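Everything quoted here is computed from the prediction, not taken from an experiment.
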Amino acid sequence: MILYNVTINMESAIHDEWLNWTKTSYLPELMKTGIFSSCKLCRLVDSPNEGITYSIQYFCDSMQNYQRFQKEQSERFRDMHAEKFNKSSVSFETLMEVIEEYTVSNFSLN
C-alpha cells in the first residue's frame with residue numbers, strides 16, 4: 001500500500017474557511033477520482049510552526065495508481081488549492097510505502 005501525505009500549514013485567520021472547503025469540496029472531489037481507497041485528515045497537535053498545521057494522508061493500493069494520480073490529476077488539485085489559499089498557506093508532500101500495519105490484536109497482552 002502507498003501512503004501519499006500532504007502537510008499544510010496555514011495562517012490561523014483562514015483555518016475555518018480552509019477546513020470547511022477541504023471537507024466539503026476538495027476531499028470529496030479528490031476521492032471521486034477513484035485512485036485512493038481512503039484518506040485521513042489529521043491536525044498536528046504539537047506543530048513547531050506558527051499557524052495551524054494539517055496532514056492529509058491518502059492511501060492507494062499500488063505505486064501505479066499513485067503515478068497515475070501524479071500524471072493525470074495532481075496538477076489540477078494543486079491548482080485548486082493554490083487558487084484559494086496559496087498566499088496564506090504552505091505545503092509539502094511525502095510518499096511512503098506501508099510495509100506492515102499492526103493493531104493490538106497482533107500482540108499478546110498477557
Side-chain angles (χ1 to χ4, degrees):
M1 179 170 290
I2 300 300
L3 167 55
Y4 169 54
N5 182 79
V6 180
T7 301
I8 305 108
N9 178 266
M10 71 202 68
E11 296 174 2
S12 298
I14 68 160
H15 172 259
D16 292 343
E17 179 186 5
W18 179 89
L19 186 59
N20 181 59
W21 177 80
T22 297
K23 290 164 73 173
T24 61
S25 297
Y26 187 81
L27 291 178
E29 185 71 20
L30 195 143
M31 293 304 290
K32 283 182 193 175
T33 66
I35 293 172
F36 298 102
S37 58
S38 66
C39 70
K40 292 182 181 182
L41 176 62
C42 306
R43 182 172 174 172
L44 273 68
V45 175
D46 60 353
S47 176
N49 301 310
E50 300 261 337
I52 300 170
T53 303
Y54 279 84
S55 167
I56 305 176
Q57 301 172 346
Y58 304 95
F59 297 87
C60 62
D61 296 331
S62 68
M63 185 60 81
Q64 291 79 16
N65 282 345
Y66 169 77
Q67 290 168 340
R68 184 166 56 101
F69 174 75
Q70 287 301 318
K71 182 178 179 184
E72 299 172 5
Q73 302 286 340
S74 65
E75 186 175 342
R76 177 170 71 101
F77 285 98
R78 282 186 193 101
D79 289 349
M80 283 173 59
H81 191 273
E83 186 176 302
K84 285 193 74 71
F85 301 107
N86 197 39
K87 294 177 183 167
S88 304
S89 69
V90 294
S91 64
F92 67 91
E93 303 170 7
T94 51
L95 184 64
M96 296 168 258
E97 179 182 15
V98 177
I99 303 301
E100 192 147 352
E101 183 175 347
Y102 297 96
T103 65
V104 71
S105 63
N106 293 107
F107 304 97
S108 173
L109 299 177
N110 296 338

Any pair with a residue in residues 2-19 that passes salt bridge (Lys or Arg N to Asp or Glu O under 4.0 Å), sequence neighbours left out, goes on the list, sorted by first then second residue, please.
Glu17-Lys84
How long is the straight-line distance from CZ of Arg68 back to SG of Cys60, given to the nearest 0.5 Å?
9.5 Å
What residues form a side-chain hydrogen bond (donor to acceptor under 3.5 Å, both in side chains) with Thr103, not counting sequence neighbours?
Ser105, Asn106
Other than Val98, which residues form its hydrophobic cluster under the rule that side-chain heavy atoms must be closer than 4.5 Å?
Met1, Leu3, Phe59, Met96
CD1 on Ile8 to OG on Ser89, rounded to 0.5 Å:
7.5 Å
From Cys39 SG over to Gln57 CD, what is the distance, rounded to the nearest 0.5 angstrom?
9.5 Å
Who are the side-chain contact (heavy atoms from CB on, under 4.5 Å) partners of Arg43, not counting sequence neighbours?
His15, Ile52, Tyr54
With sequence neighbours left out, which residue pairs that include part of residues 86-104 fulfil the salt bridge (Lys or Arg N to Asp or Glu O under 4.0 Å) condition?
Arg78-Glu93
Leu44, Ile56: one ILVMFWY side-chain cluster at the under-4.5 Å cut-off?
no
Between Trp21 and His81, a side-chain donor and acceptor under 3.5 Å:
no
Taken to the nearest 0.5 Å, the spacing of Ser55 OG from Asn5 CG works out to 3.5 Å
Which heavy atom of Met31 sits nearest to which heavy atom of Ser37, and what is that distance?
CE-C, 4.0 Å
Could you tell me the separation between the CZ atom of Phe85 and the OH atom of Tyr26, rounded to the nearest 0.5 Å?
11.0 Å
Who pairs with Thr53 by side-chain hydrogen bond (donor to acceptor under 3.5 Å, both in side chains), at least two apart in sequence or on another chain?
Asn9, Ser47
Looking at every non-hydrogen atom in both residues, tell me the closest pair between Thr24 and Asn20 and how far apart they are.
OG1-O, 2.7 Å
From Ile35 CD1 over to Gln70 CD, what is the distance, rounded to the nearest 0.5 angstrom?
9.5 Å
Residues which pass side-chain contact (heavy atoms from CB on, under 4.5 Å) with Ser62, listed by chain and number, not counting sequence neighbours:
Gln64, Asn65
Run the ring pair (Phe, Tyr, Trp, His ring centres under 6.0 Å) test against Tyr66 and tell me which residues pass, sequence neighbours left out.
Tyr4
Is the shortest heavy-atom distance from the side chain of Val6 to the side chain of Phe77 under 4.5 Å?
no
Co-members of Phe107 in a cluster of I, L, V, M, F, W and Y side chains, linked at under 4.5 Å
Tyr102
Which heavy atom of Gly51 sits nearest a heavy atom of Ser12, and at what distance?
CA-OG, 3.9 Å
I'd like to check Leu95 versus Ile2 (side-chain heavy atoms, cut-off strictly below 4.5 Å). Are they in contact?
yes
Under the side-chain hydrogen bond (donor to acceptor under 3.5 Å, both in side chains) test, residues paired with Gln73 that sit two or more places apart
Arg76
